[in-house]
Every structure is written in C-alpha cells, then in structure tokens.
*Asks:* 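Questions regarding the structure given below will be posed in turn.
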There are 2 protein chains.
Amino acid sequence: MARSASALRGQILESALRLFAVHGFRGTSLQDIASDAGCSKASLLYHFAGKEAILTELLTPARDAVATLLGRVAGLEGGRLVEETVTGYVDLALRYRREIQLLFEHIAEMSCHEDLGVMELADGLLDALAGRSRQAPARVAAWMVLGAVFITSASDEEVAPDEVLRAEMIRSALRTLDHTLS
Amino acid sequence: MARSASALRGQILESALRLFAVHGFRGTSLQDIASDAGCSKASLLYHFAGKEAILTELLTPARDAVATLLGRVAGLEGGRLVEETVTGYVDLALRYRREIQLLFEHIAEMSCHEDLGVMELADGLLDALAGRSRQAPARVAAWMVLGAVFITSASDEEVAPDEVLRAEMIRSALRTLDHTLS
DNA sequence: GTCAGTTCTGACCGATCGGACAGCTACGGT
DNA sequence: ACCGTAGCTGTCCGATCGGTCAGAACTGAC
C-alpha cells in the first residue's frame with residue numbers, strides 16, 4: 001500500500017542512520033536498510049538515487065550545523081572564540097552523535113573522495129579551536145580536542161548522563177586547550 | 001618464482017597494513033592487496049588462512065604492546081600511574097599509528113565481534129588514564145584522552161614533527177586529565 | 001637426474017553487492 | 001467510469017567479493 005507522502009522516506013533515513021552507525025557504511029547493505037525499514041530494496045532506490053545519496057542526505061544537516069557554527073564564531077577572537085567554538089562543537093557532537101560518527105568514518109573510508117567541503121569544515125574547526133594560532137602546541141591541542149569530543153560523544157557506553165557529559169567535555173576540552181572559562 | 005622463505009609474507013603484511021589504513025578493512029579487497037604486493041590473490045590465501053587472519057596478524061603486535069603497558073602500570077597509582085600511562089599510550093600510538101587506526105576502525109565496524117580482549121584492553125587503558133577513579137569527571141576526561149591521542153596520531157597531516165607531536169600530546173593529555181608533570 | 005616438498009598461480013565457485021526495469025496497486029482529479 | 005501519477009515491488013543483471021583446488025614452477029637434498 002502506498003503510504004502518505006514520504007512517510008517511508010523518513011523511516012528509511014532513520015534505519016540507515018542507525019545501521020550505518022553500528023556496522024559502518026560499507027558494512028550495511030541496501031537490503032539491510034530495506035529489511036529494517038520494512039520495505040523492499042527497490043523502494044529505497046525509488047526514494048533515493050543510490051546508497052551514496054542516502055549517506056549524503058544523512059550527513060547534510062550535521063555538516064550545515066558545523067558550517068553555521070563556523071560562521072557564528074568567524075568574527076570572534078581570543079578567549080571568546082575558543083569558548084564559543086568548544087561549547088558549540090560539544091553541543092553539535094552530542095546532538096548529531098551518529099551523524100558525526102558517520103562523517104569521521106566516511107573520511108577514513110573514502111579519504112580521496114570530495115565531499116563538498118568536509119575537510120574544509122574540519123580545518124575551520126581546527127583553526128577556531130586553536131584560536132587561529134599557527135603554533136604547533138595550539139594546533140596539536142586543537143587536533144586532540146577534535147578527536148576527543150568526537151570519540152567521547154560517539155561512544156555508546158553511558159559513562160555519564162548527557163548534561164554531565166556535556167559539562168565535563170567542555171571543561172576538559174578547555175583544559176586541553178590550556179584555557180579556562182572566564 | 002618461489003621466493004625464499006616468507007619474503008612475500010612480509011610484503012603482503014606491509015601492503016595490507018597500508019591499504020587497510022587508507023581504505024579501511026572492508027574497503028580493501030584481497031585483489032587490491034595482491035596487486036599491491038605483486039602476487040596473485042591465491043598466494044595471499046596460501047600464506048594466510050583468510051582476510052581476517054591478515055587483520056589479526058597485523059593487530060596482534062599493537063595489542064600485545066598495549067597489554068604490556070597495562071601490566072607495567074598495574075602496580076602504580078596516583079600521579080605516577082597517570083604519567084606512565086599517558087606517556088606509554090602516546091608512545092604506542094605514535095609507533096603503531098596505522099595499527100591503532102585499524103583497531104579503532106575495526107571496533108566501529110565489527111562492534112559485536114569478539115576480538116580476544118580488545119575491549120578489555122581499552123577498558124584497562126581507560127581505567128589507568130582515569131587514575132582508577134570511578135568519578136564521572138575523571139572517566140570523561142580519560143575517554144577524551146583515549147580519543148584525542150588516537151585521532152591526533154592517526155591523522156596523516158603533518159601538524160608537527162614526531163618529537164614535537166609526542167611532547168605536546170603528552171602535555172595536552174595531562175592537562176586534559178587535570179594533572180601536571182611532577 | 002630424480003624426487004619430495006614448498007611456493008605460487010589460473011580458473012573457477014557460490015554468495016552478495018548496488019542498481020535497473022517493467023509492472024502492479026492505490027488514489028485524486030475530471 | 002476513466003485515467004494519470006505517485007508509491008511500491010519482484011525479478012533480473014553485471015560486477016565483485018572471499019575462498020577453493022588442481023596443478024605448474026621452482027628449490028634443495030641426494
């Protein structure tokens with residue numbers, strides 16, 4: 001039976017996001033997604049141009065959110081820049097846990113593949129976390145915060161409730177960057 | 001021509017390690033490895049029981065090194081415990097860059113798959129980094145250091161020479177853990 | 001030279017992958 | 001009642017995957 005509008009579309013995206021996050025992009029077949037979403041594989045390819053299109057649609061909101069964050073901190077500098085970037089990044093990482101997990105995995109899998117500026121966004125985030133500094137210590141610490149927040153928010157083990165996790169991640173990240181909340 | 005002893009074996013392992021690190025385990029086919037190593041796919045399966053066996057043999061040294069590190073810091077506590085664990089982990093991460101990269105990716109891909117205590121080793125590392133503490137702040141910071149060192153050492157971008165990278169990673173990690181070198 | 005044993009390979013296999021396509025069903029406009 | 005269109009599916013396809021196997025090619029001992 002034909003469901004109303006794109007009810008199935010949302011279900012497909014949800015199933016794909018969950019399965020991609022658990023088994024990875026390559027480790028999840030279109031049949032897996034179809035079975036989970038309760039439809040046929042052919043239905044997937046009616047709603048989406050292909051497997052890559054599903055991935056793109058899943059990653060777009062998170063990517064746009066990061067781009068928005070970068071735009072918001074573009075005019076800042078010094079302490080405010082670092083604080084806003086860290087809190088913004090932690091918030092995004094927690095809100096888009098699985099999407100960011102996917103994004104990093106996707107970078108590892110398809111390194112040479114162009115992804116509409118994913119690497120540029122990571123570079124921008126790195127720059128802001130480093131407080132626009134080009135010095136090695138700041139750059140290394142920024143890299144570490146980038147990975148730390150990612151891994152911690154993506155880990156499914158419940159080390160702490162989200163509010164506690166958020167607060168501690170922000171505090172730890174600022175310590176890593178040798179910066180204390182003003 | 002039949003090469004002496006296991007000359008080809010080493011070449012296969014080297015090719016597999018490099019390709020796995022770039023394209024991932026699932027993203028690398030046996031044919032890819034064979035072509036890179038300059039032999040036939042059937043040769044791979046003469047030297048190794050299967051694709052999984054290659055991965056296992058690649059990961060074993062790094063896994064054993066982590067186990068050795070955990071044994072070395074097992075008797076320590078307090079400041080010494082954290083310092084030794086951090087420096088040891090950073091050293092291992094830099095020495096086994098690609099292997100640890102693989103290990104994390106492997107965890108993400110085959111989460112439910114038993115891997116001879118990989119999760120136990122990660123837990124042990126986490127425990128030591130947290131200074132055996134069970135408090136949320138210490139646990140979160142330990143998670144962040146775990147991910148930070150991994151991402152930073154696995155990133156192929158040369159943010160800094162290895163010696164500088166090592167020193168800065170250790171200093172930043174200790175800051176993250178709210179701990180300064182005594 | 002002969003022969004046993006190791007190393008290596010081409011050809012092949014079943015399974016699974018992403019995707020294409022014709023056609024079925026339900027529904028809203030006329 | 002008719003029909004166009006959107007939603008959906010069964011079926012098929014070529015490509016590629018990991019893995020098997022019989023046998024060629026080479027090596028060292030005798």
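Below, chain A is the first sequence line, B the second, and so on; all start at residue 1. From a predicted model like this one, the values you see are computed outputs, not experimental measurements.
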*Asks:* Answer yes or no: is there a donor N or O on one side and an acceptor on the other, between the side chain of B/Ser133 and the main chain of B/Ala138, under 3.5 Å?
*Replies:* no
*Asks:* Under the 3.5 angstrom rule, does the side chain of B/Asp32 hit a backbone N or O of B/Ser29 as a donor-acceptor pair?
*Replies:* yes
*Asks:* To the nearest 0.5 Å, how far apart are CG in A/Leu174 and CE in A/Met169?
*Replies:* 11.5 Å
*Asks:* Who are the salt bridge (Lys or Arg N to Asp or Glu O under 4.0 Å) partners of B/Glu14, not counting sequence neighbours?
*Replies:* none
*Asks:* How close or far is atom P of D/dC8 from atom CD of A/Gln11, stated in whole angstroms?
*Replies:* 12 Å
*Asks:* Find the distance B/Leu44:CG to C/dG10:P and express it as a whole number of Å.
*Replies:* 12 Å
*Asks:* Less than 4.0 angstrom between a side-chain N/O of A/Ser40 and OP1 or OP2 of D/dT9, yes or no?
*Replies:* yes
*Asks:* Can you tell me how far C1' of D/dA22 sits from OH of B/Tyr46, to the nearest Å?
*Replies:* 15 Å
*Asks:* Would you indicate, yes or no, if C/dC8 has its OP1 or OP2 atom less than 4.0 angstrom from a side-chain nitrogen or oxygen of B/His47?
*Replies:*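 Answer yes for this pair, as a side-chain N or O of B/His47 is under 4.0 Å from OP1 or OP2.
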*Asks:* When you check every protein heavy atom under 4.0 Å of nucleotides 14-19 of chain D, what one-letter string (B, S, -) results, 5' to 3'?
*Replies:* ---SBB
*Asks:* Measure the spacing between CG of B/Leu59 and CD1 of B/Ile54 and express it to the nearest 0.5 Å.
*Replies:*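 That separation rounds to 12.0 Å.
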*Asks:* Starting at CZ of A/Phe48 and ending at C1' of C/dA20, how long is that distance when rounded to a whole Å?
*Replies:*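 Nearest whole value for this atom pair: 18 Å.
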*Asks:* Start with the C-alpha gap between B/Gln101 and B/Phe150, add the side-chain angles, then the distance that decides, and say whether side chain to side chain contact (heavy atoms under 4.5 Å, CB included) holds.
*Replies:* CA-CA 7 Å; B/Gln101 188 175 352; B/Phe150 155 62; 4.3 Å; yes
